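Below: the structure, in structure tokens.
Not measured: the values here are computed from a predicted model.
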Amino acid sequence: FIELVSNGGDVTIKLNDNKLTLANTSKSYLFVDNEKGLAVQNNKLLLTKGDFLVGQTGWNDINISNATEIIIHKRSVWL
């Protein structure tokens, strides 16, 4: 999932050829869970436009606009 601080307004995240826009965010932390298809800020769901992001094996290009303090968390399980 992705954790970031919005500058307020729309935040756009591009991963390779996929684009996700989070509408009308406020200036605070928000979380995007691509596996669950959720974007949350201040315990409220955000309106989204586009597809939730799926990374490729290997190198991925990511671009995030209108946000700071970006942290990308990887969840993995090995059996």
Side-chain angles (χ1 to χ4, degrees):
F1 67 94
I2 300 171
E3 176 182 355
L4 54 92
V5 176
S6 170
N7 292 329
D10 293 352
V11 173
T12 301
I13 306 169
K14 294 180 184 176
L15 180 67
N16 300 322
D17 294 328
N18 296 336
K19 179 178 169 182
L20 177 66
T21 301
L22 312 172
N24 300 322
T25 66
S26 59
K27 292 183 178 182
S28 67
Y29 277 93
L30 65 88
F31 303 90
V32 179
D33 189 327
N34 292 298
E35 290 179 3
K36 295 181 180 178
L38 297 173
V40 178
Q41 185 177 44
N42 300 324
N43 294 321
K44 296 180 183 174
L45 293 175
L46 293 172
L47 294 175
T48 60
K49 179 180 178 183
D51 296 322
F52 280 88
L53 310 170
V54 178
Q56 306 281 333
T57 301
W59 187 260
N60 290 279
D61 291 321
I62 188 165
N63 184 339
I64 301 176
S65 65
N66 203 26
T68 59
E69 298 183 36
I70 300 157
I71 302 170
I72 300 171
H73 299 273
K74 180 181 176 186
R75 288 188 271 198
S76 298
V77 176
W78 289 274
L79 300 175

Does any pair with a residue in residues 22-59 pass ring pair (Phe, Tyr, Trp, His ring centres under 6.0 Å), and if so which ones, sequence neighbours excluded? none

Across all chains, not counting sequence neighbours, the ring pair (Phe, Tyr, Trp, His ring centres under 6.0 Å) partners of F1 are H73

Going by side-chain heavy atoms closer than 4.5 Å, which hydrophobic residues are tied to I71, directly or by a chain of links? none

Tell me which donor-acceptor pairs under 3.5 Å the side chains of residues 11-22 have, and how far apart each pair is, sequence neighbours excluded?
residue	atom	partner	partner atom	Å
N16	OD1	D61	N	3.0
N16	ND2	N60	OD1	2.6

Please walk me through it: do N7 and T68 pass side chain to side chain contact (heavy atoms under 4.5 Å, CB included)? CA-CA 7 Å; N7 292 329; T68 59; 3.8 Å; yes

If only atom types and distance count, is the side chain of N24 paired as donor or acceptor with the main-chain N or O of G9 below 3.5 Å? no

List the atom pairs, with distances to 0.1 Å, where a side-chain N or O of residues 32-41 and a protein N or O form a donor-acceptor pair under 3.5 Å, not counting sequence neighbours.
residue	atom	partner	partner atom	Å
D33	OD1	E35	N	3.1
D33	OD1	K36	N	3.1
D33	OD1	R75	NH2	2.8
D33	OD2	R75	NH2	2.8
N34	OD1	L53	N	2.9
Q41	OE1	S26	N	3.0
Q41	OE1	S26	OG	3.4
Q41	NE2	S26	O	2.9
Q41	NE2	S28	O	3.2
Q41	NE2	S28	OG	3.1

What's the spacing between I64 CD1 and I70 CD1 if we round to 0.5 Å? 4.0 Å

Please list all pairs passing the side chain to side chain donor-acceptor pair (under 3.5 Å) test where one or both residues lie in residues 44-55, with sequence neighbours left out. none

So, taking the atom named CD1 in I2 and the one named CD1 in I62, what distance separates them when rounded to the nearest 0.5 Å? 4.5 Å

Which atom pair, heavy atoms only, marks the closest approach of S6 to L30? CB-CD2, 3.8 Å

